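Structure first, commentary second.
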Number of protein chains: 2
Amino acid sequence: MKRSRPLKRKTKPVEPKRVEPDAVDPRSVDDDPVVQGILTAISQKRLKPGAKLGEDKLASAFGTTRIHIRQALAHLGSRKVVMQIPNRGAFVYRPSWEEAQDIFAARRIIEVAAVAAAVDRLDKSGKAALKAHMELEARHDRNDRWASLSLTAEFHILVAKLAGNRVLLDMSRELMLRTSLAIATFEQPGEPDCSPDAHPDIGALILARDKAGAIHAMRHHIEEMEQRIRPKQDADEVDELTAIFKEIGARSRAGA
Amino acid sequence: MKRSRPLKRKTKPVEPKRVEPDAVDPRSVDDDPVVQGILTAISQKRLKPGAKLGEDKLASAFGTTRIHIRQALAHLGSRKVVMQIPNRGAFVYRPSWEEAQDIFAARRIIEVAAVAAAVDRLDKSGKAALKAHMELEARHDRNDRWASLSLTAEFHILVAKLAGNRVLLDMSRELMLRTSLAIATFEQPGEPDCSPDAHPDIGALILARDKAGAIHAMRHHIEEMEQRIRPKQDADEVDELTAIFKEIGARSRAGA
DNA sequence: GCGCCATAGATTGGCGCCAATTTAATGTCT
DNA sequence: AGACATTAAATTGGCGCCAATCTATGGCGC
């Protein structure tokens, strides 16, 4: 509340040192271990949509204080990765069916443009990075579901990186995460997120600088993903315990 | 403040109350008056890139507590509208030259897709909304710089709304804000942000359902905006007072 | 027995205080 | 007189406490 301002100029027009910051370490909030942890847990589907993210639980889990957790959750809430409800807490975001479709539509637009730019800008280091990733995906352990999910996401991120546009890259990252949530919410049990052959095909087309082909393959790939999800008929079915015990209860009643 | 929820089925199996939230009022953090205030101040260029956003100042300005301001700044920091530097505070985000170009490139991609979808989905209410906005832009007071800036931004938001994709709409909103920051950072003094005839042209083409024409006009419009900005040669020149008083000081010294 | 109401427990939200760091100002030395 | 080091003020960051709200369990009336 004190507004006493010590006098400013005493001798000259002194030049007010540096009032504005520039060229500062652009380390974002995303580097926070709590944020990273929740993000990878979601992209690996170890955290399901609707899961409660209690502040105390997370604080003890990550070994930090509640305030730190609060900041991380607020950040994730701004990015629509978690849903924050006043006085009730934070939950892993569960997109609606319309929102899920919108996410795929947005990916179609952005990733088609990204793959086109990637073909245009492809250089030696880009080729090397792409080949390295394709090698990884070819040799990876298909039994490790978590590593699998991370790798398939990384391919799309890599294409966005090759496009050479930071803004587009950030949008792709966000869309990848929200796609994970959409798929986790509306997937049919047992189906993989990506068809296993799609990424090598797209990668080969990019390496061959076949722009039209790469665009077509990418669009087809995304449409294929989109066709794997189905709307949930009953919104209350999402309640795990109810869904699980509903038929069991019915069966036991029938048996008795 | 009471949110009594009328239960759905009350007779059948137990139904463990409600563990997971759904269909909750999706009122976002963006409705916060502090966030809205800073956002409109930025889009109207009353807050320039690099401006310090002190917590105490904002708290007394908005008549709230510092914690509330903190949350708002954290949210804006997550959206890259303000830049937060540890132990130094929050500043209005100032994009780099490369980032500014990336923003325009992203807008080219997204808004071209949005205008195409808008033509496809155009219906009666969409036509009415578009006509109403064009009327507003035609009759608005051109001397009111702040209203002008708000209106020109609203046109692009309206096109994104007509596209019928919430995800794309949110991205367009974010890109509009960041465009404001890019233009404010790199504009040549005295030039308007938008050429005055561009919006009526695009609107007419949408109303005529001329998809190819609308796409071309929108792309041209964005490229025209992009060509109005120029990189700043000296990074330190951004310090306003220094820049202003540098030549004055030199002249007075020469005169004396 | 079923549904409604009340109390207890748990969780989130907010405020104040104090420590840590940065920034501005003053004094001193060359 | 200019520049560096020291000191003082201001601002941000973090932690603990307490109030407000919501969830869950038990009791009561119909």
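Lettering of chains follows the sequences in order, A, B, ..., and the numbering in each one begins at 1. These numbers were taken from a predicted model, which means no experiment stands behind them.
- A:Ser78 and B:Arg79 share no side-chain donor-acceptor pair at under 3.5 Å.
- Using a 4.0 Å cut-off, some side-chain N or O of A:Arg88 falls inside it from OP1 or OP2 of D:dT23.
- Side-chain contact check for B:Arg94 versus B:Met83: every heavy-atom pair is 4.5 Å or farther apart.
- Summary of helix geometry: the two end axes of the helix from C:dG1-D:dC30 to C:dT30-D:dA1, each defined by five base pairs via their C1' atoms, are inclined to each other by 10° (rounded to 10°).
- At whole-Å resolution of the value, NZ in B:Lys52 and P in D:dT11 are 7 Å apart.
- A sub-4.0 Å separation between OP1 or OP2 of D:dG13 and a side-chain N or O of A:Gln71 is absent.
- Side-chain atoms of B:Asp32 and B:His68 form a donor-acceptor pair, as typed in the model, at a separation below 3.5 Å.
- Relative orientation of the B:His133 and B:Phe155 rings is tilted, given thresholds of 30° and 60° on the angle between their planes.
- Following rounding to the nearest Å, A:Arg66 (CZ) and D:dC17 (P) show an atom-to-atom distance of 12 Å.
- Between A:Glu99 and A:Arg178, at least one side-chain nitrogen of the basic residue sits less than 4.0 Å from a carboxylate oxygen of the acidic one, meeting the salt-bridge criterion.
- Remark: C1' of D:dC22 and CD of A:Glu55 are 14 Å apart, rounded to the nearest angstrom.
- Following rounding to the nearest Å, B:Ile85 (CD1) and D:dT11 (P) show an atom-to-atom distance of 17 Å.
- Classification of A:Glu55 and A:Arg70 as a salt-bridged pair holds, one side-chain N sitting under 4.0 Å from a carboxylate O.
- Between A:Thr65 and D:dG14, a side-chain N or O to OP1/OP2 separation shorter than 4.0 Å is absent.
- Summarising the geometry, the separation between CZ on A:Arg70 and P on C:dG14 is reported as 7 Å, rounded to the nearest angstrom.
- Between A:Arg108 and A:Glu226 there is a salt bridge, since at least one side-chain N of the basic residue sits less than 4.0 Å from a carboxylate O of the acidic one.
- Nearest to the side chain of A:Asp56, among D:dG14, D:dT11, C:dT12, sits C:dT12.
- Summarising the geometry, the separation between CG on B:Leu58 and C1' on D:dT12 is reported as 13 Å, rounded to the nearest angstrom.
- Here D:dG14 presents its P atom at 10 Å from CG of A:Asp32, a figure rounded to the nearest Å.
- Residue B:Lys57 places its side chain closer to D:dT11 than to any other of C:dT12, D:dT11, D:dC15.
- Remark: A:Gln84 is not in phosphate contact with C:dT12, judged by side-chain N or O atoms under 4.0 Å from OP1 or OP2.
- The CG-C1' distance, from A:Asn87 to C:dA10, rounds to 13 Å in whole Å.
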